[in-house]
Structures are given as structure tokens and as C-alpha cells.
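Both ligands and their constituent atoms are indexed starting at 1 by order of listing.
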Amino acid sequence: MNRQPIGVFDSGVGGLTVLKQLVLRMPRERLVYLGDTARLPYGTKSKETVLKYSMKNASFLLEKGVKCLVVACNTASSLALDELRKNFDMPVIGVIQPGAKKAASASRVRRIGVIGTLATVRSKAYEEAIESYGSDIEVTSVPCPLFVALAEEGWVEDEVTRRVAERYLRSLKDKGIDVLVLGCTHYPLLKPVLSQVMGKDVALVDSAEEAANEVASLLREKGLAAEEDGSREMCAPTVCLTDRSLHFLELGENILGLPLNEVEYVDLG
Ligand code: DGL
């Protein structure tokens, strides 16, 4: 039995989609979430900057005594995972590889689409990860930066969002993909519109869900999982933020489906 918490970080509120999957998958685990609300967005920043922020986030969580680190942010997972693994002596799990693995196994026609931030798409991290599961797979990636703002605005099933999605996703539809990877923390919130636009023959792969499964098996494998103690109570996650973001709480409770009673504000310099 290991009662140390799992550390999770993201650039802000979007990573709560990953936190939610972790809570659902492992209700007995203690979770500490760090949202770097002072420095978001990461998706438009350079590798050097995302790397620097990611290292600070990981150091902060290490001080909280976490047993493993989950990089919920797709951009940080794309750009900083190797460096985090080199520098921190604990399991570090990103969202790219679990999403890529699922996508590769789900595609019959071997044509997969990936959507994400500009930085994630430019990094080619998803392409490389998917192709490592099958060199016959053709991957087409499209950056969809407006989706982050639309999700944060709460326009999740809105005509404007549908039209934006039609425009962003047109080239992927023309390619005849059968799997679309939602390669950004915010995109699972837009699933209804995305599946409407892509049609029923295209499977949506949610990297958040796949990452939570990966964390659960890794903890079990390494003997790091918190044991069941018979109680059905869910551990409420601890949330830390680097800025008093105006709509984090409201949006966060919506995404997580749990009250965010206590938020700790931290200064990472
Ligand atoms: N969390 C980021 C990601 O998944 C999206 C928001 C941002 O750009 O910071 O890539």
C-alpha cells in the first residue's frame, strides 16, 4: 500500500479532464494537481519555455511528496517528457504515448488524424509515437488553437464551435481517416461537436482516458498503488494554482464534476 499522492500538472484548467479520468479510474488515490494559470497558454510557446516551466512544475510536485508524475498537458508531454524523465527519479507518464497506442490499435484503414495545439503539432510527438506502433500508418495533424478558447467559453455544443470544427477538420475528413486523436486537454470537452462533424465512422481517441489507464497499470506493476480499504469514499484532489485565475473554479468544477473546496495559490517564481 502506498499512500503518497500522484502529482499531475497542466498549464491551467484543461488538465482537469485528465484529473477527472484519474479520479474515476483510481478513486482511492490521493491526487495533487498543479495548474500553471500564471503562465498559460503553453500551446503557443517555444520548447525552451515549456521545458523550463515543466521542470519547475515537477520540482514543486516532488516537494509535495508525490510517487509519480502525470504530465496532463499535451504540449508539455510533447516537448518536455524526455527531459523530465532524465531529471526526476520517479515514473513520469505523459498523455501522448497512451493516446498513440490506442489510436494505432483502433485504426483499420491505417489513416489517423491528430488535433492539438500549434506546439504539439509542430513537435510531431504524436506522429512519431503512432508510427512506432505501425510504419504503415499515415498520420495527418492539424492545429486547432481556437478550440481551447471555445471550450473555456463553455461553447461546447454551439453552432459557432461546429462551424469552426468543420473548417479545422475538413482536410482530415478529405483524407478518409477512421481515428481522430484529441491531442489537447480541452478537446474531450468538445466531443459531441467533434463526433458530429467527423461522423460515426471516425472513432475519437481521448488521450486523457488512455493516460489514466496507463497510470493505473503502472502503479500496480510497480507496487505503488494505494490499496482498497473497503470504503467507497472518493479522495478529493488537492488543487494548486500559480495565479488566481478568474474562471478556474467555476469551469474547473464543471469539468471535474466535484467541488473544488480548497485551492492553494503558489508562486513558482
Ligand atoms: N493544456 C494544453 C495542451 O493540452 C492546452 C492549453 C495551453 O495551450 O496551455 O496542450
Side-chain angles (χ1 to χ4, degrees), residues 7-22 33-58 61 69-81 84 92-100 103 113-127 129 141-156 161 164 168 180-191 194 204-212 214 239-243 245-248 251-252 254-256 268:
V8 185
F9 82 79
D10 178 50
S11 54
V13 72
L16 292 177
T17 56
V18 178
L19 190 73
K20 181 177 181 173
Q21 294 303 328
L22 291 167
Y33 179 90
L34 172 65
D36 193 9
T37 40
R39 296 183 289 204
L40 64 80
Y42 282 13
T44 51
K45 296 203 165 69
S46 67
K47 177 168 179 160
E48 293 67 34
T49 300
V50 173
L51 208 53
K52 187 168 76 186
Y53 293 170
S54 300
M55 297 295 269
K56 286 204 171 184
N57 296 341
L61 289 168
L69 187 65
V70 180
V71 184
C73 179
N74 284 256
T75 304
S77 290
S78 303
L79 301 177
L81 207 68
L84 290 168
V92 181
I93 303 109
V95 286
I96 308 293
Q97 185 268 335
V114 175
I115 51 175
T117 63
L118 204 56
T120 296
V121 168
R122 285 211 181 132
S123 77
K124 299 200 182 304
Y126 269 110
E127 262 107 321
S141 305
V142 176
C144 304
L146 290 176
F147 282 165
V148 169
L150 291 166
E152 291 201 3
E153 200 59 40
W155 294 5
V156 292
T161 308
V164 172
Y168 275 147
L180 177 66
V181 180
L182 311 183
C184 173
T185 46
H186 291 62
Y187 299 176
L189 302 170
L190 304 178
K191 263 184 199 167
L194 299 178
L204 303 184
V205 168
D206 181 342
S207 291
E209 244 173 72
E210 301 310 319
E214 173 103 359
V239 174
C240 307
L241 300 178
T242 53
D243 183 62
S245 142
L246 293 179
H247 64 325
F248 184 97
L251 195 61
N254 254 339
I255 296 175
L256 202 56
L268 299 186

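- Between His186 and Val13, some side-chain heavy-atom pair lies under the 4.5 Å cut-off.
- Using a 4.5 Å heavy-atom threshold, the side chains of Glu209 and Lys20 count as separate.
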For residues 141-149, dump all side-chain donor-acceptor pairs below 3.5 Å to protein atoms at least two apart in sequence or in another chain.
{"unit_1": "Ser141", "atom_1": "OG", "unit_2": "Glu127", "atom_2": "OE1", "d": "3.1"}
{"unit_1": "Ser141", "atom_1": "OG", "unit_2": "Glu127", "atom_2": "OE2", "d": "3.3"}

Ignoring hydrogens and angles, write down the donor-acceptor pairs under 3.5 Å from the side chains of residues 114-125, residues two or more places apart or on other chains.
{"unit_1": "Thr117", "atom_1": "OG1", "unit_2": "Thr75", "atom_2": "OG1", "d": "2.9"}
{"unit_1": "Thr117", "atom_1": "OG1", "unit_2": "Thr120", "atom_2": "N", "d": "3.2"}
{"unit_1": "Thr117", "atom_1": "OG1", "unit_2": "Thr120", "atom_2": "OG1", "d": "3.0"}
{"unit_1": "Thr120", "atom_1": "OG1", "unit_2": "Thr75", "atom_2": "N", "d": "3.4"}
{"unit_1": "Thr120", "atom_1": "OG1", "unit_2": "Thr75", "atom_2": "OG1", "d": "3.3"}
{"unit_1": "Ser123", "atom_1": "OG", "unit_2": "Thr120", "atom_2": "O", "d": "2.7"}
{"unit_1": "Ser123", "atom_1": "OG", "unit_2": "Ala125", "atom_2": "N", "d": "3.1"}

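- Under the ring pair (Phe, Tyr, Trp, His ring centres under 6.0 Å) criterion, Phe9 pairs with no residue at all, not counting sequence neighbours.
- In this structure a side-chain-to-backbone donor-acceptor pair under 3.5 Å is missing from Ser11 to Pro41.
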Exercise answer, ligand 1 polar atom pairs (N/O) under 3.5 angstrom:
{"unit_1": "ligand 1", "atom_1": "1 (N)", "unit_2": "Asp10", "atom_2": "OD1", "d": "2.9"}
{"unit_1": "ligand 1", "atom_1": "1 (N)", "unit_2": "Ser11", "atom_2": "OG", "d": "3.2"}
{"unit_1": "ligand 1", "atom_1": "1 (N)", "unit_2": "Thr185", "atom_2": "OG1", "d": "2.9"}
{"unit_1": "ligand 1", "atom_1": "4 (O)", "unit_2": "Asn74", "atom_2": "N", "d": "3.0"}
{"unit_1": "ligand 1", "atom_1": "4 (O)", "unit_2": "Asn74", "atom_2": "ND2", "d": "3.4"}
{"unit_1": "ligand 1", "atom_1": "4 (O)", "unit_2": "Thr185", "atom_2": "N", "d": "3.0"}
{"unit_1": "ligand 1", "atom_1": "4 (O)", "unit_2": "Thr185", "atom_2": "OG1", "d": "3.2"}
{"unit_1": "ligand 1", "atom_1": "8 (O)", "unit_2": "Tyr42", "atom_2": "N", "d": "3.4"}
{"unit_1": "ligand 1", "atom_1": "8 (O)", "unit_2": "Gly43", "atom_2": "N", "d": "2.8"}
{"unit_1": "ligand 1", "atom_1": "9 (O)", "unit_2": "Ser11", "atom_2": "OG", "d": "2.6"}
{"unit_1": "ligand 1", "atom_1": "9 (O)", "unit_2": "Tyr42", "atom_2": "N", "d": "2.7"}
{"unit_1": "ligand 1", "atom_1": "10 (O)", "unit_2": "Thr75", "atom_2": "N", "d": "3.1"}
{"unit_1": "ligand 1", "atom_1": "10 (O)", "unit_2": "Thr75", "atom_2": "OG1", "d": "2.6"}

